[in-house]
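Below: one structure, written as structure tokens.
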Number of protein chains: 2
Amino acid sequence: MTDLEPMVILLVDDDLDVLGANARFLRANDFFVLVAESAGTALGKLTTDNIDLIVTDLRMPDCSGLEFAAKARESRPLIPIIFFSGYAQIPDVVAAMKLGAVEFLEKPIDPDQLLSVIRKVGKPKYSPAATQRDAFESLDHSSPLKMRVLAYEKFLIESCLVQHAGDVTRVLETLQINRRTLNDKMFRLGISREVLLSENQNPDDMPR
Amino acid sequence: MTDLEPMVILLVDDDLDVLGANARFLRANDFFVLVAESAGTALGKLTTDNIDLIVTDLRMPDCSGLEFAAKARESRPLIPIIFFSGYAQIPDVVAAMKLGAVEFLEKPIDPDQLLSVIRKVGKPKYSPAATQRDAFESLDHSSPLKMRVLAYEKFLIESCLVQHAGDVTRVLETLQINRRTLNDKMFRLGISREVLLSENQNPDDMPR
DNA sequence: GGTCGACCGGCAGAAAACTGCTTATCGATC
DNA sequence: GATCGATAAGCAGTTTTCTGCCGGTCGACC
């Protein structure tokens, strides 16, 4: 999936050497990498560029990675964020995870680990804001509980599928669910990989 | 809220001195405290008693706090868990938070901090209009499917209960669900009619 | 005190969901 | 053409959930 449309990663670190090294490494692995050496510039790029994932140091001079993440979430509420830091204190880690961090890595970064984490996150093509609610809240308020729960489950699975470009294996990991179970659920809920993909991919992939 | 029906806290620690001290401290602050010195006994109490919150050490002889938490979640999927530990490693903290821990405290525990964290957890305010979403959307984007679905189910049931002023029979009709099933679900999801009502009704309805 | 209605929870059979094993298909690669 | 990886689905055993039946508690009312 990354070949056609590489994931856009925003890499934030005030240590220019580390920043450069990591950027090179990620680019060598076919990611499209934007770099920022401060939270300020990072926030700027976040609004101008279509970024899929943030990888940021926790400690930076102008403002902490936590503040940066909080601000980033204002414009991109569900964007995945990966933190890394040396000398991290437990409370920092806790705060970062509470902010919804995908992962917290310790410096020095193990490139393979970083890579596997990024791959796991995948590329969220799904525009979260738009359809989030409609999908399942369209149901009547008096609908049976089971219906409403199933609708929500369907919505979650569909989001996850679209996010991972139809890669079922990745969805299994993300949702922590058995392959067989997912198959059953998709059948029961009437979810079709093909339909989902054809509906979401085409904006960029289909020229006309 | 804690006056009428104190929160039931399950405190787990293999260090009996610390366990006793913390239990005394919490009891002095009007909580109802159950103690367990091992994961095994804790799991037992979890199924027999109606526990609102787990506070557990991360390191224990019979099995790690993480394993314990995972098992605890099997019978009480959404119960809040607070971890504490000395010498915690970052990956442990990350794993704990991914498991949905509410907080991760470092040993030695600061009583005031513990108290404030518990108080914060203990107020699952359901002002029906405002915080409706947070209840289930606060879950991590990578949380297992089952947990997110359950959180939504919990939210639906609680909303419905509040809406009908705690009238279970009406809720049964609305949600089209068996009485026995609703009972089970409420226990599993940690829903309490009393707490819900006392938190929502009083602003207007309580005359004195 | 007796009765009624609403609620809770134990128990056990029925129903549904989950999951490992297996086979089959399809596309990509060798 | 052979092979491999990913997906889908049949089947069966296991686990979980649902639900009807029952008895028990509590407060309101007669």
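What you see is a predicted model, and the numbers here were worked out from it, not measured in a lab. The chains referred to below are lettered A, B, ... by the order of the sequence lines, with proteins before strands, and numbering in each begins at 1.
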For [X] and [N], what is the distance between atoms [atom1] and [atom2] respectively, to the nearest whole Å?
X: A:Leu189; N: D:dA8; atom1: CG; atom2: C1'; result: 16 Å
X: B:Leu172; N: C:dC7; atom1: CG; atom2: C1'; result: 10 Å
X: B:Leu182; N: C:dG9; atom1: CG; atom2: P; result: 11 Å
X: B:Lys71; N: D:dT15; atom1: NZ; atom2: C1'; result: 17 Å
X: A:Glu173; N: D:dA6; atom1: CD; atom2: P; result: 10 Å
X: A:Asp167; N: D:dG5; atom1: CG; atom2: P; result: 15 Å
X: B:Arg76; N: D:dT16; atom1: CZ; atom2: P; result: 17 Å
X: B:Arg193; N: C:dC7; atom1: CZ; atom2: P; result: 6 Å

[X] side chain to [Y] backbone, donor-acceptor under 3.5 Å:
X: A:Asp52; Y: A:Val8; answer: yes
X: A:Asp167; Y: A:Thr169; answer: yes
X: A:Ser159; Y: A:Phe155; answer: yes

According to a strict under-4.0 Å criterion, is B:Asn183 in side-chain N/O contact with OP1 or OP2 of C:dG9?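 Answer is no, no contact under 4.0 Å.
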
For a side chain to side chain contact (heavy atoms under 4.5 Å, CB included) check, start with the C-alpha distance between B:Leu182 and B:Asn178, then their side-chain angles and the critical distance, and finish with the verdict. CA-CA 6 Å; B:Leu182 180 62; B:Asn178 184 288; over 6 Å; no

Output yes when B:Lys107 and B:Asp13 qualify as a salt bridge under the 4.0 Å nitrogen-oxygen rule, no when they do not.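 Result for this pair is yes, salt bridge flagged.
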
Presence of salt bridge, B:Asp14 and B:Arg59, under 4.0 angstrom: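 Looking at B:Arg59 and B:Asp14, the cut-off is not met.
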
List the protein contact pattern of nucleotides 10-29 of chain C with one symbol per nucleotide (5' to 3'): B for base contact, S for sugar-phosphate-only contact, - for none; contact means a heavy-atom distance under 4.0 Å. BB------SBBB--------

Which nucleotide, C:dG9, C:dA6, D:dA6, lies nearest any side-chain atom of A:Arg179?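 So the side chain of A:Arg179 is nearest to D:dA6.
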
